[in-house]
Amino acid sequence: MRITPLNYSVNLLSKYWELNTARINVKAYSSIDQVTEAGVNQTSNVATTNVGATNPMYIDPSLALDMAEVYNALANPDDRLGILMLLNKPELMNLLFLLDKEKLLLGLNFFSMPKLLELLLRLPKELLLQALLMFMNIDELLSIMPQRELLRILSSSKVKESMLLKAIENLPTHILIAMLEAVLGESVGKLKHADVMKKMQHLKKRQILEGLLTLPSGTLQQICAQFCKMDPSLLMEMSKGAISKPFTRFQKSMLVESFRVVDSSEIIKLLGGLPKNLLAQVACMIDPGDLAQALSNHFPNIIAMMAGA
């Protein structure tokens, strides 16, 4: 099975968060379970220091900043984080719509691996299947599936008896005879290939499937792959449990990358499960210019605080 880990390194996180090395070492791979109350208080203190005692509900026009000044005030990552901590969680989540999917995916790194797996396995079976096929092809996927899941595919109403017979007609004669004898429960003696296939044509689909169970696992996988390549929707016949199991062996970077199949708006909903201080750090990836414009348009009280700081 070909699974290549993706690079979600500390350097990449540093590039987007613009955080210093000390903060990255402490925060970049922190999980929800590792966030301490002291960390939250410390961030809150930074925010309080920046804004002083300015009344957030009163906006003094004389304190208005032009966009260049606002941008400069937000260019410092520490100041930007302190300002973002003044917002509540719903407001922070709304700001996340300014991020592209790449940066939203980076934000998922703040979840622990067990939490990421839990969130991932809540996705519909169709999306889980799409995620798996990002890391492996159909042949590789079917090679790790138990026999019962392969039979689910072949049992589909989309796979007719005639299709199954066509799929096995080129198998060696002795293998076909073994299949036929397993179904009939009696010896059929030595038959020519054409005669074996004639007898097969009188079998019901249930009996053909029973005969397929006598095939080597590799041969059964090849037959399934043949049908699934013609109609990939057949993969949906497999159970969600079977499709979910490979994710339990994924590395963290692969779990994060699996969420690429999810819309950005849904990723933002998932990020809403982070504590506020980590959510604010995700929002720190917003371009300072975009953030300045958003604050100016929707949070003029914050702009007033910045002017009075």
Side-chain angles (χ1 to χ4, degrees), residues 1-6 121 123-250 254 257-258 260-261:
M1 179 176 62
R2 170 176 50 80
I3 297 180
T4 304
L6 300 170
L121 298 187
L123 297 180
K125 182 167 68 171
E126 181 178 3
L127 291 182
L128 290 177
L129 189 55
Q130 288 179 30
L132 279 184
L133 292 175
M134 289 168 50
F135 298 97
M136 61 188 80
N137 59 38
I138 289 177
D139 290 304
E140 291 166 332
L141 175 58
L142 294 178
S143 71
I144 60 175
M145 289 294 155
Q147 189 180 67
R148 64 179 178 276
E149 299 299 330
L150 303 181
L151 287 180
R152 284 177 181 268
I153 293 173
L154 298 177
S155 298
S156 170
S157 59
K158 297 179 181 179
V159 181
K160 308 299 182 184
E161 288 93 332
S162 59
M163 296 168 65
L164 288 172
L165 291 173
K166 185 171 181 61
I168 65 174
E169 64 181 356
N170 292 323
L171 292 177
T173 304
H174 71 277
I175 290 181
L176 292 176
I177 290 176
M179 286 180 59
L180 188 60
E181 290 180 340
V183 172
L184 299 178
E186 59 184 34
S187 174
V188 296
K190 293 184 178 181
L191 295 174
K192 293 182 178 180
H193 193 92
D195 294 331
V196 178
M197 289 307 300
K198 284 182 181 179
K199 287 184 176 293
M200 287 283 193
Q201 290 171 3
H202 294 291
L203 298 178
K204 297 179 181 179
K205 182 178 180 179
R206 173 184 56 78
Q207 293 175 303
I208 297 175
L209 292 175
E210 183 181 340
L212 290 175
L213 291 175
T214 67
L215 295 177
S217 59
T219 303
L220 187 58
Q221 289 165 13
Q222 290 173 7
I223 292 174
C224 282
Q226 176 184 331
F227 289 123
C228 291
K229 289 173 183 177
M230 291 188 295
D231 183 1
S233 68
L234 284 170
L235 293 170
M236 286 291 290
E237 299 292 336
M238 294 187 292
S239 67
K240 185 176 181 179
I243 293 173
S244 299
K245 190 172 182 180
F247 291 105
T248 62
R249 300 191 292 271
F250 276 21
M254 297 168 68
E257 181 67 9
S258 297
R260 190 174 293 278
V261 300

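All values below were derived from every heavy atom in this structure, side-chain atoms included, with hydrogens, water molecules and symmetry-related copies excluded.
Distance check, rounded to the nearest 0.5 Å: CG of Leu133 to CD of Gln130 gives 8.5 Å. Between the SG atom of Cys224 and the CD atom of Glu149 there is a distance of 10.5 Å, given to the nearest 0.5 Å. Within the model, atoms CD of Glu169 and OG of Ser162 stand 11.0 Å from one another, a figure rounded to the nearest 0.5 Å. With values rounded to the nearest 0.5 angstrom, Asp195 atom CG is found 11.5 Å from Met197 atom CE. The distance from the CG atom of Leu128 to the CD1 atom of Ile243 is 7.0 Å, given to the nearest 0.5 Å. The CZ atom of Arg260 sits 14.5 Å away from the CG atom of Leu127 when rounded to the nearest 0.5 Å.
Considering every non-hydrogen atom in both Met200 and Leu176, the closest pair reads CE-O, 3.4 Å. The minimum heavy-atom distance linking Met136 with Leu141 is given by the pair SD-CA, 3.7 Å. Residues Ala131 and Ser258 approach most closely at CB-O, 3.8 Å, considering heavy atoms. Taking both residues in full, the closest heavy atoms of Val261 and Met134 are given as CG1-SD, 3.6 Å, listed atom of the first, atom of the second, then distance. Pairing each heavy atom of Ile153 with each of Val159, the nearest pair is O-CG2, 3.8 Å. Heavy-atom minimum distance, Val196 versus Leu191: CG2-CB, 3.7 Å.
Panel note: side chain Glu140, backbone Asn137; a donor-acceptor pair is recorded below 3.5 Å. Judged by distance alone, with hydrogens and angles left aside, the side-chain atoms of Lys245 form no donor-acceptor pair with the main-chain N or O of Ile144 at under 3.5 Å. Side chain of Lys125 to backbone of Met238: a donor-acceptor contact under 3.5 angstrom is found. Lys192 contributes no side-chain N or O that, together with a main-chain N or O of Thr173, makes up a donor-acceptor pair within less than 3.5 Å. Under the 3.5 Å distance criterion, the side-chain polar atoms of Glu181 are matched with a main-chain donor or acceptor of Val188. Using a distance-only test at 3.5 Å, with no hydrogens or angles considered, no donor-acceptor pair links the side chain of Lys199 to the main chain of Ile177.
Taking 4.5 Å as the limit, some side-chain heavy atom of Arg152 sits within range of a side-chain heavy atom of Ser239. Between Ile168 and Leu212, some side-chain heavy-atom pair lies under the 4.5 Å cut-off. The side-chain heavy atoms of Leu154 and Ile208, taken from C-beta on, include no pair separated by under 4.5 Å.
The side-chain hydrogen bond (donor to acceptor under 3.5 Å, both in side chains) contacts involving residues 208-226 comprise nothing, where partners must be two or more places apart or lie in separate chains.
For Lys158, the side chain to side chain contact (heavy atoms under 4.5 Å, CB included) partners two or more places apart in sequence, or in a different chain, are Ser156, Asp231, Ser233, Leu234. Considering only residues two or more places apart in sequence or on other chains, His174 meets the side chain to side chain contact (heavy atoms under 4.5 Å, CB included) condition with Pro172.
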| Step by step, would you call Phe227 with Ile138 a side-chain contact (heavy atoms from CB on, under 4.5 Å)? | CA-CA 10 Å; Phe227 289 123; Ile138 289 177; over 6 Å; no

